[in-house]
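So you know, we letter chains A, B, ... as the sequences are listed, proteins then strands, and number each from 1.
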Amino acid sequence: MPIHNSDIADIFREVADLLSIEGANQFRVRSYRQAAQKIDNLTQDVAEMVEEGGYLTELSGIGDSIAEKIEEIVETGSLNQLEEIKDRTPQALEELLDLAGLGPERVSDLYDELGIESGEDLKEAAENHKIREIEGFGKKTEQKILDELEKEDKQKSRYMLSRAEEYTEPLREYIESQEDVIDVEVAGSYRRRKETVGDIDILATCENRGKVMDHFVNYEDVDNVESKGDTKSTVYLRSGLQVDLRLVDEQSYGAAILYFTGSAQHNIALRERALDRNLKINEYGVFPEEEDEPVAGETEEEVYDAVDLPFIQPELREDLGEIEAAESGNLPDLVTMDDLKGDLQMHTHATDGSASIAEMAHAARDLGYEYIAITDHSKRVTVAQGMDADELAEQIEEIDGVNNSMDDFRILKSCEVDILEDGSLDLPDDILKELDMVLCCIHYQRDLSRKKQTDRYLKAIEHPLCNVIGHPTGREIHKRGEMDLDMEKIMDTAESNNVFLELNATPRRLDLNDIYCKMAKERGMKLTISTDSHSTEELNHIRFGINQARRGWLETSDVVNTHSVKDVLDMMAK
DNA sequence: GCCGTTTTCGGCCCGACTGTTTTCAGTCG
């Protein structure tokens, strides 16, 4: 049973949760959490590192003790320390930590005083007014617990970025429309363009705080005002999305945006760096020791400059090496929307799309593209009425016709060919040879073993006509996880066979994720970024792909479809 | 538990808010 990085990270997170409830040293707890985060974001497979005798302690945040524990997990599949903690402290207490307002101390008190081990216990105790009797708890805390238990059922998960955008952009415009508002910025993970966001943090500068806050809480989509003050208000929208508005002074605007954009880990690293320079960073600015006058704070650039760093793009602010890269002048020059020259996956009404080839081409040209690839499904994908060889031959002729009618634009002939269970392709070579690009994807038998699934991909990648592997992991956010794959092996094989991996920009896919993008880049691979559009409107989803690519440190040259059509054709010609 | 041109001990980011308290602990981001 292979141990994935996320398995190891989960174990350490659980250790951290349970240790915190036991009242362990908070910094010790933090070490486990940091190790978990480090491992989650690693672009190498930890189990492989162990097997190859790699030095885990070379990773920052992982010392002798945790390295030893990682080895134990890789070798035995579990961690004895965790089993011992579970014998002392019920595992179910961990879930109570997820409830807003309950941290390790209170969970521990609830367990010690009332024997509460689960959400049901908690609900019963709250309803019977037992909780207010515990020292340090009171009526309001008890009611808050009941409210949160209720809310947990209603809305638990994070919001896909695309969905969060639908609620946030109109609200941003609404806030901007108030006459006293000067500047508005949405911060948080939304600004870092994380694939999902938990809540929305909006910052603004303005003339009249009271009026602006009134305006905010009176927004038509507000369901419930949680708190309202002069500097901060919190509301819940009807969708359940929490939105905070914070009003700040102009001289603190940059420091505040930096602070509320995060990530927390990035902020911590910046603050530690400031301390080395006898400076203190908070959300109001950068302050020399023992002084009240800030030396920076109006803009983010100023704050970075105060700790001798260049501006770091929000998408990179995850403490995954961006500070070191900034220091050494090696920050990536991230790919932008303007760099894109084409879109390399989309469907037409030949299969499950809603527009014609010409309609897709004209819509793409209107977006400023020079080329697209039409990638309708192959026959195995019956739900999409996938094409057989004859139908694909007809489509190729149709594309030639449209190409002849557009002299400043090129439609690449392609097909989203299904990779069958044995790794062979769903259409014969003699028709695939006629294409400019062959896109290969898995749609069925997603639950094969890691070995079988990986071998299936390797066989497809080694097929001499395969150019691109589409939506490589098959995951869909909030719906299904990744296929079990040895991604390092897949990337290495793709790289040596001149096969590209796709970053599928469909908001619910975003497949590859940011970590895999970074992993590919570190191997010197190029990726395609494609929308997989099924309508002309969906071509606009490309921005989510660009967001993810930037989070994966990709530069313009790392992306296949930033290159000219001639270069793309050369790359596909192998 | 991690880490180190103030190194092997003694630190570890910082402030706001809330609710419970009469000065603060716990939680959150």
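- Figure legend. dC28(B) is base-paired to dG15(B); pairs are counted as Watson-Crick or G-U wobble with both atom distances under 3.5 Å.
- An OP1 or OP2 oxygen of dC13(B) is reached within less than 4.0 angstrom by no side-chain nitrogen or oxygen of Tyr259(A).
- Arg273(A) places its CZ atom 16 Å from the P atom of dC13(B), with the value rounded to the nearest Å.
- Thr231(A) has a side-chain polar atom (N or O) that falls below the 4.0 Å cut-off from OP1 or OP2 of dC17(B).
- Among the atoms of the strands shown, only primed sugar atoms or phosphate atoms (P, OP1, OP2) are found under 4.0 Å from some heavy atom of Asn282(A).
- Side-chain N/O atoms of Tyr516(A) and Lys521(A) include no donor and acceptor closer than 3.5 Å.
- Spacing of C1' atoms, dG1(B) relative to dT5(B), comes out at 24 Å, to the nearest Å.
- dC13(B) atom C1' lies 11 Å from atom CD of Gln26(A), rounded to whole Å.
- The C1' atoms of dC12(B) and dC17(B) are separated by 24 Å, rounded to the nearest whole Å.
- The only option from Glu318(A), Lys518(A), Gln313(A) that meets the side-chain contact (heavy atoms from CB on, under 4.5 Å) definition with Arg551(A) turns out to be Glu318(A).
- No hydrogens or angles considered: nothing links the side chains of Gln178(A) and Lys211(A) as a donor-acceptor pair under 3.5 Å.
- Comparing dG29(B), dA16(B), dG26(B) by their nearest atom to the side chain of Glu105(A) picks out dG26(B).
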Pair Arg508(A), Glu476(A) - check salt bridge (charged side-chain N to carboxylate O under 4.0 Å, His left out), show working. CA-CA 5 Å; Arg508(A) 68 173 193 286; Glu476(A) 290 189 26; 2.9 Å; yes
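- Distance check on atom P: dT21(B) versus dG15(B) gives 27 Å, rounded to whole Å.
- A side-chain contact (heavy atoms from CB on, under 4.5 Å) with Leu42(A) is found for exactly one of Ile62(A), Asn5(A), Ile515(A), Ile8(A), namely Asn5(A).
- Side-chain N/O atoms of Arg106(A) include none lying less than 4.0 angstrom from OP1 or OP2 on dA25(B).
- Distance from the side chain of Lys280(A) is smallest to dC14(B) among dT18(B), dC13(B), dC14(B).
- Atom CZ of Arg28(A) and atom P of dC9(B) are 19 Å apart (whole Å).
- Side-chain proximity of Ser31(A) to the nucleotides dG1(B), dC12(B), dC14(B) is greatest for dG1(B).
- Residue Ile200(A) contributes atom CD1, which lies 14 Å from atom C1' of dG29(B) at whole-angstrom precision.
- Atom name P, nucleotides dT20(B) and dG26(B): the rounded distance is 14 Å, in whole Å.
- Here the shortest heavy-atom pairing between Ser20(A) and Arg33(A) reads OG-NH2, 4.0 Å.
- Across all strands, Leu270(A) comes closer than 4.0 Å to no nucleic acid atom at all (heavy-atom distances).
- Atom CD of Glu272(A) is separated from atom P of dC12(B) by 10 Å (rounded to the nearest Å).
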Atom pairs, N/O to N/O, protein against nucleotides 20-24 of chain B, distance under 3.5 Å?
unit_1	atom_1	unit_2	atom_2	d
dT20(B)	OP1	Gly138(A)	N	2.6
dT20(B)	OP1	Gly138(A)	O	3.2
dT20(B)	OP1	Lys139(A)	N	3.4
dT20(B)	OP1	Thr141(A)	N	3.3
dT20(B)	OP1	Thr141(A)	OG1	3.0

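- Comparing the C1' positions of dC9(B) and dC14(B) gives an interatomic distance of 24 Å, to the nearest angstrom.
- For CD of Glu83(A), the number of neighbouring non-hydrogen atoms (other residues, nucleotides, ligands) closer than 6.0 Å is greater than 12.
- Both Phe260(A) and Lys228(A) lie close to DNA chain B; mapped to their nearest nucleotides by heavy-atom distance, the more 5′-ward contact belongs to Lys228(A).
- Backbone-only contact: Ile66(A) has heavy atoms under 4.0 Å from sugar-phosphate atoms and none from a base.
- Looking at heavy-atom distances under 4.0 Å, Lys38(A) makes no contact with the nucleic acid at all.
- Other residues, nucleotides and ligands contribute at most 12 non-hydrogen atoms within 6.0 Å of the CD atom of Glu207(A).
- Side-chain proximity of Ser227(A) to the nucleotides dT18(B), dC13(B), dG1(B) is greatest for dT18(B).
- Checked against dG15(B), dC2(B), dC14(B), the side chain of Ser65(A) finds its nearest nucleotide in dC2(B).
- Separating the P atom of dG11(B) from that of dA16(B) is a span of 25 Å, rounded to the nearest Å.
- Looking at heavy-atom distances under 4.0 Å, Ala269(A) makes no contact with the nucleic acid at all.
- The listed nucleotides are dC3(B), dG1(B), dG29(B); the one nearest the side chain of Asp199(A) is dG29(B).
- Between the CD atom of Glu322(A) and the CG atom of Leu270(A) there is a distance of 8.0 Å, given to the nearest 0.5 Å.
- Using a 90° window around 0 for the glycosidic torsion, dT7(B) falls inside it and is classed as syn.
- Across the protein-nucleic acid pair, Asn25(A) atom CG and dC9(B) atom P stand 17 Å apart, rounded to whole Å.
- Straight-line distance between the C1' atoms of dC13(B) and dC2(B): roughly 16 Å, to the nearest whole Å.
- At whole-Å resolution of the value, CG in Leu279(A) and C1' in dC13(B) are 14 Å apart.
- Taking atom CZ of Arg13(A) as the reference point, atom P of dG1(B) lies 18 Å away to the nearest angstrom.
- Screening Glu165(A), Glu300(A), Glu315(A) for a salt bridge (charged side-chain N to carboxylate O under 4.0 Å, His left out) involving Arg191(A) leaves a single residue, Glu300(A).
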